[in-house]
Amino acid sequence: MSISQRPGLTVTALDRLLGFAMAATVIAVGLGFCWILGAIVAQGLGQISLAFLLAEPSNAGREGGIAPMLVSTLLILGVCLAIALPLGLGTALLLAEFTITDQRLGRLVRRSLDFLAGVPSIVFGLFGNAFFSQVLGLGFSILSGGLTLACMVLPLLIRTTEEGLRAVPPSYRQGAAALGLSQTTTLFKIILPAAVPGLIAGLVLGMGRALAETAALIFTSGYVDRFPRSLMDSGRALSIHIFDLSMNIPGGDARAAASALVLLTLLLLLNLLAGALAQRWANSS
Amino acid sequence: AKPPQAANSEGIKLQGNIVLTGSSTVAPLAIEMGKRFEEQHPQVRVDVQTGGSSRGLADTRNGSADIGMVSRSLKPEEGDLTAHAIARDGIAIILHSENPVAELSPEQVVDIYQGQLTQWSDVAGGPTSPITVVNKAEGRSTLDVFLKHFDLKNSEIQAQVIIGDNEQGIKTVTGNPNAIGYVSIGAAEHSIGRGEPLKMLPLDGVSPSTTTLQDGTFPLARTLNLVTQGASEPTAQAFLQFAQSPQVQDLIEQQNFVPIESAPLAPSTP
Amino acid sequence: MQTFEMSQLSSLRRAHRRDRILRHSLRLLGSITGLLVLLITLFVLQEAWPALQNLGFIRFWTDGSWHPLEGSFGLMPMVLGSGLIALGATAIATPLGLLSALFCQCYGPPLLVVPYRRLLELLAGIPSVVYGFWGLVVLVPQINRLHPPGQSLLAGTLILSLMILPTVALLAIASLAQIPSSYWQGAAALSLSRWTTLTRIILPSARSGLFTAVVLATGRALGETMAVLMVCGNVVQVPSSVFDPVRSLTANIALEMAYATGDHRAVLFVSGLVLLAIVAGLVVMAEGISNQGMSSESVIVHER
Amino acid sequence: MTTMMSAATTCTQPLLEAKHLQLSYGQQVAFHDVSLPIASGEIMAIVGPSGCGKSSFLSCLNRMSDLVPHCHVQGEIHFNGTNILSPRTDTLLLRRRIGMIFQKPNPFPLSVWENLALPLREHGLVKSQTSRRAFRQAIHQAIEAVLRDVGLWEEVKNRLHSSALALSGGQQQRLCIARALILQPEVLLLDEPCSALDPLASAVVEELMLRLRPRYTQVVITHNLAQAKRIADRIAVFWVQQHKGQLIEVGSTQQIFNAPTHELTAAYVSGGKG
Amino acid sequence: MTTMMSAATTCTQPLLEAKHLQLSYGQQVAFHDVSLPIASGEIMAIVGPSGCGKSSFLSCLNRMSDLVPHCHVQGEIHFNGTNILSPRTDTLLLRRRIGMIFQKPNPFPLSVWENLALPLREHGLVKSQTSRRAFRQAIHQAIEAVLRDVGLWEEVKNRLHSSALALSGGQQQRLCIARALILQPEVLLLDEPCSALDPLASAVVEELMLRLRPRYTQVVITHNLAQAKRIADRIAVFWVQQHKGQLIEVGSTQQIFNAPTHELTAAYVSGGKG
Ligand SMILES: Nc1ncnc2c1ncn2[C@@H]1O[C@H](COP(=O)(O)OP(=O)(O)OP(=O)(O)O)[C@@H](O)[C@H]1O
Ligand SMILES: Nc1ncnc2c1ncn2[C@@H]1O[C@H](COP(=O)(O)OP(=O)(O)OP(=O)(O)O)[C@@H](O)[C@H]1O
Ligand SMILES: [Mg+2]
Ligand SMILES: [Mg+2]
């Protein structure tokens, strides 16, 4: 009987092709990653020690450690997220939830964002230098670096959050409206938690981008490899350190690889933390 | 040998911030100088920023930096600024160490860079493979020096690869046995010292090294300068003197550059 | 009529106040974002202005070569270079990223999915210098063996596609995660094949998110600097094959900005301006395409 | 909690009244020219074939139709004498006073507890107590009471803090009813509240509706004519004519079942097998 | 289309048989120890209070339970003599032969037409014709036939190409039934197919089920006891005992309604007001 109706050959072949392509992709990407990571580990692992993590650099970074860079990096990231998260979340909410009424503004902002995402980081750097460092008078400082980075990661954060928000089933909004819940409650207690997957994706991408950024920071947070005393001090980010060691300091390769390894570990930890925090928020609210 | 604390003992307590911006070639050296200067004057902070020679010039002019770092000599139109030479840097032509070519005449170099010689086999002792010409990007001072020495125009050069920093040039050549390029001698020496497959070609019969550079026999060189505009503050003034003093010679050598005063080394004790 | 307790009336008033504040602050935040874009564009325009004024706009398209110090300012080969690299990278990264996302979200065994996702997240955070460095010492020599000089359009495309892959994949994962499970169930109950389920139901439903992913990734590819600078060879020319070196607009800025003064600096900003124009064109095009695809599905929205 | 007494006095003026109401989705008219007064305290059942605009009509009564893009409502709806379709209406307050239960159960992706506590807290329905514990206790009492009302307490008391989405279809629906009830609105709009329920749970809900009758005004859509007969005071019959929904008859339950004036009504109530 | 004749011969061996089936979500057991044979060609109704595991049971029968994370099934289900719970089962083929209709209507976010044409084309049910036009024509005929079967044709014939999500609840449910029917499976699993339907549409579906009776084996969950009485050959009663679902009684419709052996069944069928 209907056994003869087995799905046509083409369909199963496509299915198999799909499975094969998926496996091949995963293997290829995995291998590519391992290749890069392997190169970093092979060069850098030998350099890593507690002293490397805790000492200040000397001899242009060929000796000593990366402690000031770690501190500066975290401070810059902190400033960046402190600005970009509220700004990003707010704009995403505006775009996803209020576009009917603010249609013009919404479209304008959305276009602006996609545009912002394509601005080269070096232009961000020059802009940050001109605007934050000079016009606003922040000089070379962690603050102006963080602000510049915030502008850079904003589009990632906003667009992902927005997609997350759009995908929340309309029945939640209906339910909330029928209970006379205010928009604020609806958004923060129901819609945003449901949009957490998108938010995390944006956060993870944004943090990765922020930690990896060099060009925008050279002109803003600067090159000084001391411990910063305040947010108004200049501080060298790890990525700049890596850049300097590998491109500017003869014999800095191994140290650069070691720093990259530390950077990746840091990112891994931050990602895990972000995921856990977001999950807790989604569950608890 | 570390210079003792009292090297700068005019009795005035120096204090304040000095900001240096400019050439990324000079920056690592300036940082090390700054650290030593801070050791001697605990009230002083030396902030070194990079961004390129042009940034150094611009920032010095508009006052956002006290001192600019420039990896070349000042041009005539930059006469409003004062240059303070702190070190010299040589430029050597480099090949992959597997490349059997041992010497190139200036004419050959010119022909190669102009694209008239495209095969290594056209050069005595060369292998049968095409030449990969590595050139520096427009505006870089190494390029200026190179062009001036060989009396070339950048638009005549037929390059296959255009690079920015020295290390990019070294990695390009170590990764490509048929490449020819030119980089800072210090960087090349350092890489050769670490066993990378690289060699420097002699120029006009003089083999490039920090020694020949120091004694003035090697022709292809540039000066690393700190620049200021007008009269600088006492602290900046002190730093400029410090940077030109023998107290930082070991730092200059550590960064593979050549101290300016090739003449008798001043004793490092007061 | 009902008599409300004070607490209820005041909670209602509070709710209205909060909503009003929310609306105003959201609008403010949105405007800040919009303002930023304006500021950046104005900044680039201002820096580029002297060159545009002295040289006019036409020169940049008609000049045969790029030798700003010798008075020729042809940007065309670099526009082409930027476009080709970004296009190639997007063309490679989009299917790979999509397949990765499907693996993570739909078909992969959980044991593999979790580490693979972490891996993608890490890929997103590797500094571009490290990519460039790896490309220069590992990938370029390999390509050099195939076809000298190694630094080429191909190398740039490959490195860049690896760099933007996580953007595509992670964003796609996020939008796939939001597909209602009833679609999967419905498809399974009709015993639709994976292929049909994906191509006809799941991917179309996730369309808007996937589209955003690709646009953002393309933007990133266009804007990427360091890695491209290190592996592309940076020769200003129209490439005749994938093995030819090319220079992107971003590499142009990064290579020369550090040493450029006066007019030279201004013309570099013109190349920045051109890049922004390309991105803007892309965005407008993307908007057009995505609007076209949108059907009038019943979407519920908030009121004013 | 119980201080909020209803004003369900049997005044002659209807509590809620639709006047020449028409609703369209874009170009397509869902229903038109519906005039229907609903008296305070009564249970009004709306019946009619699928797609005749019952749900659409209901969604106008508390302005939920605002949420549907391209949805356009014309006419008037008077609630306590004011036209709620006027743009000046405070929809938060309106919906607080006119609760709604949907055709498909739609609990929030939160725990069972939070699904109920959220509206409670939002509307300040639980007086702020001296201590946090007492406050929580008060909320708990309110939640327990309303869950018992809908007959869900026994089933979920051990999983108050796990996700409401893991409940069965019927449990979800009862949770949604509880969520609407906890606000003690004046009017309850119920869109097929029992369609996902088994007879026992249905009976619980019906009983509940009857129990609420004096205090709440209720408008219920149902496909179950027997149910309508059991609980409704009056019945409104909708029908599709020329692709537009219409109110073809409204009358007391008795009249509709025993002496329908419209022939379609007659056919419907006799043919209905519900 | 109609060449595929059913094998609904009244053989003594059941077509589908659950043996000691247990399903748990994580730690929580939804139902346990359910053994239920279903004969070829019969209509088996499953009734019972909300949350007793009816939907869960149904979802095992075509392995839809695979899709639920942390859902674990133990026991055996024999279909045509083979245990379909074995990992070697081709679920694509299985689900093609055992169709399912869900409690909440779940049309795809496509047009009405595409919702039906998609499975048709996927399974090659319409023979490829000489021309594309003839092929489209054949699909159209199949779609029209099945939409007429579920009584939806008149309502949607003018909007075949607009989104299925804009249909009313009842229209969506009938569309989903049509979508399952268009594949002509051997067994149909229906999870409260009429809960979103008005009496007229319900009647259409009931009629349809009766019409399909000789050809299809049908397992239907319903809360409407009257409906079960009208259509079912046999009835299985589920109940929750100690927080676990259980099959407490199964028998012919007559026996269940007139001579229930289990006291809970007796209470249920008499108390049920459906
Ligand atoms: N969001 C929408 N967009 C467009 N048309 C819609 C929308 N919602 C409903 N409709 C259409 O409006 C008409 C009335 O729909 P409504 O949901 O009010 O019917 P109903 O009487 O509640 O039916 P049911 O008993 O099946 O739920 C139907 O033809 C339906 O297809
Ligand atoms: N995905 C799930 N995860 C955890 N528990 C679940 C899940 N789905 C159902 N349950 C639980 O399993 C039990 C049986 O659920 P099921 O949906 O089978 O009930 P049902 O008999 O169909 O009820 P109804 O008539 O209300 O639809 C219920 O207690 C329910 O809360
Ligand atoms: Mg309805
Ligand atoms: Mg169920």
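Every chain is numbered from 1 and lettered A, B, ... according to where its sequence line falls, protein lines coming before strand lines.
Most heavy-atom pairs under 4.5 Å with chain A: of the set B:Ala188, B:Gly193, B:Ala187, B:Gly34, this distinction falls to B:Ala187. Between chain A and the options B:Leu29, B:Val19, B:Val46, the largest number of non-hydrogen pairs under 4.5 Å is found for B:Val46.
Within the structure, the salt bridge (charged side-chain N to carboxylate O under 4.0 Å, His left out) test picks out no pair touching residues 22-32 of chain A (sequence neighbours left out).
Heavy-atom distances place no part of A:Ile240 under 4.5 Å from chain B, backbone and side chain included.
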Show the pairs of one donor and one acceptor atom, one from chain A and one from chain B, lying under 3.5 Å apart.
| residue | atom | partner | partner atom | Å |
| --- | --- | --- | --- | --- |
| A:Pro57 | O | B:Lys35 | NZ | 3.1 |
| A:Asn59 | N | B:Glu32 | OE2 | 3.2 |
| A:Asn59 | OD1 | B:Gln255 | NE2 | 3.0 |
| A:Ala60 | N | B:Glu32 | OE2 | 2.7 |
| A:Arg62 | NH1 | B:Gln255 | OE1 | 3.3 |
| A:Asn129 | OD1 | B:Arg55 | NH2 | 2.7 |
| A:Tyr223 | N | B:Gln49 | OE1 | 2.7 |
| A:Asp225 | OD2 | B:Lys35 | NZ | 3.3 |
| A:Arg226 | NH1 | B:Glu38 | OE1 | 3.1 |
| A:Arg226 | NH1 | B:Glu38 | OE2 | 2.2 |
| A:Arg226 | NH1 | B:Val46 | O | 3.4 |
| A:Arg226 | NH2 | B:Asp47 | OD1 | 2.3 |
| A:Asp233 | OD2 | B:Arg45 | NH2 | 3.2 |
| A:Ser234 | OG | B:Gln49 | NE2 | 2.9 |
| A:Ser246 | O | B:Lys171 | NZ | 3.4 |
| A:Asn248 | ND2 | B:Ser24 | O | 2.5 |
| A:Asp253 | OD1 | B:Lys171 | NZ | 3.1 |
| A:Asp253 | OD2 | B:Lys171 | NZ | 3.2 |

